[in-house]
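So the structure is just underneath, and the comments pick up after that.
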Amino acid sequence: MKWAFLVLVISYIFFLRGFLMHWGSNHKEISRYYVGDSILLQPDYENVLAVTINKPPSAIWPWIAQMGLNKGGFYSITRLENIFGCKLHNADRLHPEWQNPRPGDHEPVCASAEKSNMSGWTIMEVVPNKALVYKSSLDSSWMMGFYIDSVSEKSSRLITRMRYITPKQFWQYITDKVWMEWAHCVMQRGSIMGIKKRAEKN
């Protein structure tokens, strides 16, 4: 049993972790500068995930613009999110009343977290058809962006990147490495795949 666990840990560190952290992205997307990078200059953790969507940016952006707990949801794996009491509902249509995200807007991301006065997200950058960037409403130790690159008239790359400063307390650090790192990647992948599905369907 101990050997099986050791093999699992080694496999994750040396093989699976790198795949998850850069799921679907290419070298250029991993290494480039993004809108909002000045929010957090020296993160301890950074992932870059991407997917090709067979639609122009103008067909993808409205789904990103309406993201939020009390709006369109985050299009990810809702059953997993709601295990923790988030009470998310993902929209399958566009809502005109949710199409105007603005810098400074607060976005709650989980109902149970809001009840516990935990930090949500604050919108920091809005570039229509190109970028939407959030940071933690509590401080600047965490940020995440959604970015759209036009590839052709009918194709785009949707990129999501999370950056944060890893907790320094021992058990929080262990929890982050054992659970949060890969969980973030799985949920972000679910989000961009959910956007892809909706954008290509409409």
Side-chain angles (χ1 to χ4, degrees), residues 1-32 34 36-37 39-40 42-53 64 67-69 73-88 90 107-113 116 118-121 132-147 157-198:
M1 195 69 178
K2 291 181 180 179
W3 283 108
F5 178 74
L6 182 60
V7 169
L8 181 63
V9 170
I10 292 174
S11 298
Y12 173 73
I13 293 173
F14 290 99
F15 301 102
L16 186 57
R17 184 175 185 269
F19 170 80
L20 290 173
M21 299 265 286
H22 301 141
W23 203 342
S25 60
N26 57 46
H27 178 72
K28 182 178 179 180
E29 292 163 344
I30 294 169
S31 59
R32 64 182 262 198
Y34 287 90
D37 272 5
I39 296 170
L40 181 55
Q42 296 182 318
D44 297 321
Y45 172 90
E46 177 176 297
N47 68 29
V48 182
L49 287 72
V51 67
T52 297
I53 299 180
I64 296 173
M67 290 192 303
L69 173 65
F74 298 100
Y75 317 115
S76 192
I77 308 170
T78 310
R79 288 184 179 180
L80 291 180
E81 293 171 319
N82 290 339
I83 286 175
F84 300 97
C86 289
K87 297 184 179 180
L88 279 162
N90 293 323
E107 288 292 349
V109 297
C110 181
S112 60
S116 302
M118 294 177 66
S119 173
W121 298 353
L132 184 66
V133 181
Y134 303 94
K135 79 171 188 69
S136 167
S137 295
L138 183 63
D139 54 34
S140 295
S141 64
W142 174 95
M143 63 171 288
M144 183 163 70
F146 286 80
Y147 307 93
R157 290 285 285 172
L158 175 59
I159 304 160
T160 178
R161 186 179 66 161
M162 177 180 289
R163 310 172 90 200
Y164 60 80
I165 297 173
T166 304
K168 298 299 186 289
Q169 292 84 357
F170 178 76
W171 286 114
Q172 288 183 334
Y173 177 85
I174 295 300
T175 299
D176 183 78
K177 294 302 177 184
V178 172
W179 166 251
M180 297 305 295
E181 275 195 358
W182 66 266
H184 284 315
C185 294
V186 170
M187 299 310 291
Q188 285 173 251
R189 176 69 175 182
S191 182
I192 60 176
M193 293 304 292
I195 294 170
K196 173 182 171 70
K197 175 183 175 181
R198 289 165 174 79

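Just the heavy atoms: all of them, side chains too, but no hydrogens, waters or symmetry mates, feed the values below. Because the structure is predicted, anything quoted here is derived from the model rather than measured.
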Query raised in the report: Should the pair Tyr45 and His184 be assigned to parallel (<30°), tilted (30 to 60°) or perpendicular (>60°) ring geometry?
Result: tilted

If you measure from [atom1] on [X] to [atom2] on [Y], what distance do you get to the nearest 0.5 Å?
X	Y	atom1	atom2	value
Ile159	Arg32	CD1	CZ	5.0 Å
Asn47	Leu20	CG	CG	9.5 Å
Asn90	Phe74	CG	CZ	9.0 Å
Met143	Tyr164	CE	OH	14.0 Å
Ile192	Trp23	CD1	CH2	9.0 Å
Ile195	Ile64	CD1	CD1	4.5 Å

Using every non-hydrogen atom in the two residues, find where [X] and [Y] come nearest and quote the distance to one decimal.
X	Y	result
Gly73	Leu88	CA-CD2, 4.0 Å
Glu46	Pro43	OE1-CG, 4.1 Å
Leu69	Pro108	CB-O, 3.0 Å
Met21	Leu49	O-CD1, 3.8 Å
Arg163	Leu40	NH1-O, 2.6 Å
Glu29	Ala50	OE1-CB, 3.6 Å

Query raised in the report: Are Tyr134 and Val109 side-chain neighbours, meaning at least one heavy-atom pair lies under 4.5 Å?
Result: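 Side chain of Tyr134 against side chain of Val109, heavy atoms only: no contact under 4.5 Å found.
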
Query raised in the report: Do Leu158 and Lys196 come close enough that some side-chain heavy atom pair is under 4.5 Å?
Result: no

Query - Derivation and outcome, side chain to side chain contact (heavy atoms under 4.5 Å, CB included), residues Tyr34 and Val133 - result: CA-CA 10 Å; Tyr34 287 90; Val133 181; over 6 Å; no

Report task. Could you give me the CA-CA distance, side-chain angles and deciding distance for Met67 and Tyr75, then say whether side chain to side chain contact (heavy atoms under 4.5 Å, CB included) is met? Result -> CA-CA 8 Å; Met67 290 192 303; Tyr75 317 115; 3.6 Å; yes

Query raised in the report: Any donor-acceptor pair under 3.5 Å linking the side chain of Thr160 with the backbone of Gln188?
Result: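 Pair absent, no side-chain N/O of Thr160 close to backbone of Gln188.
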
**Report entry** Residues in side-chain contact (heavy atoms from CB on, under 4.5 Å) contact with Ser76, at least two apart in sequence or another chain
**Finding:** Glu81, Met187, Ser191

Query raised in the report: Can you list the residues that meet the salt bridge (Lys or Arg N to Asp or Glu O under 4.0 Å) rule with Arg189, with sequence neighbours excluded?
Result: none

